[in-house]
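In what follows, every chain begins at residue 1, and chains take the letters A, B, ... in the order their sequences are listed.
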There are 2 protein chains.
Amino acid sequence: MIKIDKENTEEKILNAAKKVFVTKGSDGARMQEIADEAGINKSLLHYYYRSKEKLFAAVFKFAFKKFAPNLMGIFENESDIFTKITSFIHSYIDIINKNPFIPLFIINEVSKKNAGFVGAVIKNSGMNIDLFEKEIKKEIKKGTIKQVDHRQLIVNILALCVFPFIGRPIIQKVVFEDNENQYDDFLKSRKEEVSNLIINSITLTEGSDK
Amino acid sequence: MIKIDKENTEEKILNAAKKVFVTKGSDGARMQEIADEAGINKSLLHYYYRSKEKLFAAVFKFAFKKFAPNLMGIFENESDIFTKITSFIHSYIDIINKNPFIPLFIINEVSKKNAGFVGAVIKNSGMNIDLFEKEIKKEIKKGTIKQVDHRQLIVNILALCVFPFIGRPIIQKVVFEDNENQYDDFLKSRKEEVSNLIINSITLTEGSDK
DNA sequence: GTCTATAAATTGATAGAC
DNA sequence: GTCTATCAATTTATAGAC
């Protein structure tokens with residue numbers, strides 16, 4: 001009995017649901033569309049996942065975990081703080097590049113938070129900034145970097161990485177005359193742009209210890 | 001016949017629709033909820049605005065105009081480039097502060113763009129970056145600022161201004177232990193934080209003309 | 001496990017009285 | 001102009017055959 005890569009029905013449903021929920025949102029998604037996308041009968045959605053809400057919960061958990069994990073782990077290795085932050089930015093943009101619609105999806109669903117499980121998912125995701133905070137404060141004390149607020153810093157990093165993706169449709173129209181290829185090139189250059197900007201913002205100024 | 005500030009039915013409907021559409025989105029909004037919010041009968045929504053889509057179009061136009069206009073006008077006055085950019089950032093954050101849910105609303109609705117009028121609204125909004133581009137290139141030539149890409153610059157500014165608002169629910173949870181007051185304080189300090197970061201990024205480095 | 005048929009609830013829209 | 005009553009379409013969910 002060899003295990004083929006052919007996905008079973010439950011997996012087919014979950015994958016189809018990811019696609020539809022993430023692009024259409026919990027309100028805009030239709031069970032029929034998910035069934036069509038999975039190539040199966042609509043009743044099977046309810047057979048495997050009792051309700052639309054339950055199916056959505058499974059998708060949300062998956063999506064959130066994709067953006068929570070391991071990233072802060074970068075701050076556990078032995079390299080210097082500048083390398084760590086640069087690595088973080090590069091990795092994070094890579095992840096978003098591979099899943100460009102997930103950030104907006106998460107923001108929207110957390111915003112409406114009409115389901116109780118959302119808060120729980122965030123807590124259980126292991127996403128926290130303790131390690132980041134500790135690291136920044138340590139380097140400030142050592143005099144390696146400027147005296148920055150670690151919360152401002154992490155929000156700056158996230159903003160610069162995420163916004164070009166979630167704001168793409170409108171930025172592309174207004175700033176790039178709706179040229180897709182040009183915008184793809186722009187996105188490619190963001191890793192360097194964001195790294196330089198952030199590193200520059202924490203680097204000590206000549207003749208200043210503040 | 002004195003005109004009282006009491007709004008007529010049409011205005012009541014539009015104001016209620018703004019509130020509901022902006023917070024719930026075009027998919028999540030319900031005509032009944034808009035009617036309740038306006039304190040009138042549901043039929044009247046159709047009497048004044050033929051359909052849900054037409055009513056939504058009115059709301060979207062209003063919302064988009066609120067974020068498009070006059071801001072680029074700052075670049076027409078006579079102050080130096082650093083003052084202009086700082087003014088832009090301060091004004092923009094002020095506007096978002098007064099309408100914190102509109103940016104996410106616009107991003108979402110432009111993203112789904114299932115209505116043709118969205119593209120038209122953007123075009124007719126007068127929002128364009130020509131003036132900004134011209135100004136930045138002029139200052140680079142003059143040697144007042146670094147040789148930056150004006151498109152990277154405007155995206156950086158928008159990202160740093162907008163993201164803390166649209167990402168608030170999740171950032172507040174993860175970074176601020178869900179403390180609302182602390183997050184309000186954080187937002188207040190963003191004007192200075194963003195201004196410093198951006199100005200720092202375009203300021204010429206000592207002993208470098210690049 | 002998977003399908004067809006259908007129930008049950010929601011919701012945008014209209015008709016018609018006042 | 002504003003209301004009540006109702007339609008028509010959509011959509012989630014279930015029952016039951018195979």
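- Under 3.5 Å, the side chain of A:Ser43 and the base of C:dT4 form at least one donor-acceptor pair of N or O atoms.
- Distances shown here put every side-chain N or O of A:His46 at or beyond 4.0 Å from the OP1 or OP2 atom of D:dT14.
- Spacing between atom CE of B:Met31 and atom P of D:dT10 amounts to 16 Å, rounded to whole angstrom units.
- Between D:dT10 and A:Arg30, no contact under 4.0 Å exists linking OP1 or OP2 to a side-chain N or O.
- In this structure, the nucleotide among D:dT2, D:dA13, C:dT14 sitting nearest to the side chain of B:Tyr47 is D:dT2.
- Among the heavy atoms of the strands, none lies under 4.0 Å from A:Tyr49.
- In this structure, the CG atom of B:Leu45 is 13 Å from the C1' atom of D:dC3, given to the nearest Å.
- Nearest nucleotide to the A:Leu44 side chain, out of C:dT2, C:dT14, C:dT4: C:dT2.
- If you take NZ of B:Lys52 and P of C:dA13, they are 8 Å apart, rounded to a whole angstrom.
- The B:Asn41 side chain lies nearest to D:dT4 when the options are C:dT4, D:dT4, D:dA13.
- As rounded to whole Å, 14 Å separates atom P of C:dA13 from atom CZ of B:Phe56.
- Rounding to whole angstrom units, NZ of residue A:Lys24 and C1' of D:dT11 are separated by 14 Å.
- Per the geometry, CG belonging to A:Asp27 stands 19 Å off P belonging to D:dT10, to the nearest Å.
- Whole-Å rounding puts the A:Lys42 NZ to C:dT4 C1' distance at 11 Å.
- Straight-line distance from the CZ atom of B:Arg50 to the P atom of C:dA15: 10 Å, rounded to whole Å.
- Judged by distance alone, the side chain of B:Asn179 and the main-chain N or O of B:Gln182 form a donor-acceptor pair under 3.5 Å.
- Taking only side-chain nitrogens and oxygens, A:Thr9 never comes nearer than 4.0 Å to OP1 or OP2 of C:dG1.
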